[in-house]
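Report on the following structure.
Quick caveat, the model's predicted, so the values are computed rather than measured. Every chain is numbered from 1, with letters handed out A, B, ... down the list of sequences.
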Number of protein chains: 2
Amino acid sequence: MPDAEGHPTTEEMDLLTVFKALSDPLRYHVMATLVRQVEDTERTCTSFGLPVSKSTRTHHFRILREAGLIRQVDRGNSRCAQLRRQDIADRFPGLLRLLADNPVPPGTEALSREAQHV
Amino acid sequence: MPDAEGHPTTEEMDLLTVFKALSDPLRYHVMATLVRQVEDTERTCTSFGLPVSKSTRTHHFRILREAGLIRQVDRGNSRCAQLRRQDIADRFPGLLRLLADNPVPPGTEALSREAQHV
DNA sequence: CCTAAGGTACGATAGAAACCGTACCTCCGG
DNA sequence: CCGGAGGTACGGTTTCTATCGTACCTTAGG
C-alpha cells in the first residue's frame, strides 16, 4: 500500500491509472516537462505556471502522485515535485521516452506562458 | 486530415489523445486484448462482449478510431476492428509493449465475462 | 421479400472530473 | 513576532463524458 505521503510502490502502479493521470493536458504538460529535465530535478508546483488556481493545482499534483509518477518531498517551506524516473522506467519501460518525444501538442495551449523557473 | 472513415494519419496522431482514449477501462481492455492477438486479427465490436449497450459500444470504438488506435473496415454485414499495429509502433514506439505487458488490472472487473470469440 | 444481426445517429441523463474560493496550516525572512 | 509564500482540505459549481433508449440504415440468409 501507498506510504504516508500517498506514494504507491512500483508494484502498485497501474497503467490504467497512469493513462488516466496523463490524459489531462495540464498533467501531461507537467510530466512532459519534468521528463526533459536533468535527473533528480526538483520543482515546486507553482514553478510550472499552470493557469489554474492553487487548489486545482494541488488536485492535479495529487493525481500525479497517486499514480506513482511523481514524488513530493517536503522542503520545509514548500513541497517539491520530483519525477520518479527509475520507478517508472522499471515498471513501465518506454513510457518516459514516449513523453520525452511528445511535448505538448500544438493546439493544447493555455500552457504557453510556462514559467521560466528551474 | 483524417480520411472519410475518420482514421487519422500517423502524423496526426497525438499522444494526449491516445492517453485519453486509453484512460477508460473498457477501451483499455479492448486495446490490451487486440494487442495480444496475432497480427491483422479482425474482430467485430460485439465480439468483445463489453457490458454496455450498442450505442455506448459505438461511442467507445469511435474514440479508439479517432485516436488512430484501430482501423474499422466494412465487411458488408458488420464493421470489423483491427489494431493499427504498424502505425502505432512507428508513431509511439513502446506503447504496444506497455499494453501487452499490462492486461486489465485486477479490480477493473465487469470485463471478466469477455466473449470467447476470435 | 422479410427478418435479424451489426452498426450509426441523435437526444437525454447521470455521474465523474476540473475548477474555484475560502479557510487554514507551515515555514522562512524580515 | 508577524507577513507572505507555498500547500492542503473542504464544499460548491460547472463542464465533460459514459451511459442509455429510440429510430434508422445495411446486409446476409432463409
Side-chain angles (χ1 to χ4, degrees), chain A residues 2-7 16-31 42-67 70-82 104 107-111 115 117-118, chain B residues 2-7 16-31 42-67 70-82 104 107-111 115 117-118:
Chain A
D3 68 7
E5 286 87 16
H7 300 110
L16 182 57
T17 305
V18 167
F19 282 160
K20 210 175 269 193
L22 293 175
S23 69
D24 177 272
L26 267 52
R27 294 192 295 260
Y28 183 102
H29 172 251
V30 168
M31 289 300 293
E42 287 185 0
R43 290 184 58 167
T44 65
C45 302
T46 308
S47 75
F48 291 91
L50 301 183
V52 290
S53 72
K54 274 205 296 186
S55 36
T56 303
R57 194 188 316 148
T58 298
H59 163 71
H60 284 305
F61 278 87
R62 174 209 298 272
I63 290 183
L64 289 177
R65 169 171 30 96
E66 290 181 348
I70 63 170
R71 184 172 5 245
Q72 282 183 288
V73 286
D74 254 340
R75 284 281 173 267
N77 201 1
S78 55
R79 207 148 173 232
C80 281
Q82 191 181 24
V104 183
T108 313
E109 296 316 327
L111 297 170
H117 302 202
V118 178
Chain B
D3 68 9
E5 287 86 17
H7 300 110
L16 182 56
T17 305
V18 167
F19 282 161
K20 209 175 269 193
L22 293 175
S23 69
D24 178 272
L26 266 53
R27 295 193 293 262
Y28 183 102
H29 172 251
V30 167
M31 289 300 294
E42 287 186 358
R43 290 184 57 166
T44 64
C45 302
T46 308
S47 76
F48 291 91
L50 302 183
V52 290
S53 72
K54 274 204 297 186
S55 37
T56 302
R57 195 188 317 148
T58 298
H59 163 71
H60 285 305
F61 278 86
R62 174 208 300 271
I63 290 184
L64 288 177
R65 168 170 32 96
E66 290 181 349
I70 64 171
R71 186 173 2 246
Q72 282 181 289
V73 286
D74 254 340
R75 284 279 172 269
N77 201 0
S78 55
R79 208 149 172 228
C80 281
Q82 192 181 24
V104 183
T108 313
E109 297 315 328
L111 296 171
H117 302 201
V118 179

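- When each of B/Gln72 and A/Arg75 is assigned the nucleotide of DNA chain C bearing its nearest heavy atom, the one mapping closer to the 5' terminus is B/Gln72.
- For DNA chain D, the outermost nucleotides in 5' to 3' order that have an atom under 4.0 Å from a heavy atom of chain B are D/dA18 to D/dA28.
- Of all non-hydrogen atoms in A/Lys20 and A/Arg27, the two that sit nearest each other are O-NH2, 3.4 Å.
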Which is it for B/Thr17 and B/Glu66 under the side chain to side chain contact (heavy atoms under 4.5 Å, CB included) test, yes or no, and what are the steps along the way?
CA-CA 9 Å; B/Thr17 305; B/Glu66 290 181 349; over 6 Å; no

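- Smallest separation of non-hydrogen atoms from B/Val18 and B/Ala67: CG2-O, 3.9 Å.
- Side-chain contact between A/Phe61 and A/Val30 is present, with at least one heavy-atom pair separated by less than 4.5 Å.
- The side-chain heavy atoms of A/His60 and A/Cys45, taken from C-beta on, include no pair separated by under 4.5 Å.
- Just one of A/Asp74, A/Val73, A/Ile70 meets the side-chain contact (heavy atoms from CB on, under 4.5 Å) condition when paired with A/Cys80; it is A/Val73.
- Taking atom CG of residue A/Asn77 and atom C1' of nucleotide C/dC27, one finds them 5 Å apart after rounding to whole Å.
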Return the polar atom pairs (N/O with N/O) between nucleotides 15-22 of chain C and the protein under 3.5 Å, or none.
residue	atom	partner	partner atom	Å
C/dA18	OP1	A/Arg27	NH1	3.2
C/dA18	OP1	A/Arg27	NH2	2.9
C/dA18	OP2	A/His59	NE2	2.9
C/dC19	OP2	A/His60	NE2	2.4
C/dC20	OP2	A/Ser53	N	2.7
C/dC20	OP2	A/Ser53	OG	3.2
C/dC20	OP2	A/Thr56	OG1	3.1
C/dG21	N7	A/Ser55	OG	3.1
C/dG21	O6	A/Ser55	OG	2.7

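- Residues that satisfy the side chain to side chain contact (heavy atoms under 4.5 Å, CB included) test with B/Ser53, not counting sequence neighbours, are B/Ser55, B/Thr56.
- Residues B/Leu22 and A/Phe19 share a closest heavy-atom pair of CB-CD1, 3.5 Å.
- Taking only side-chain atoms of B/Ser78, from C-beta outward, the nucleotide of C/dC27, C/dA5, C/dG7 with the closest atom is C/dG7.
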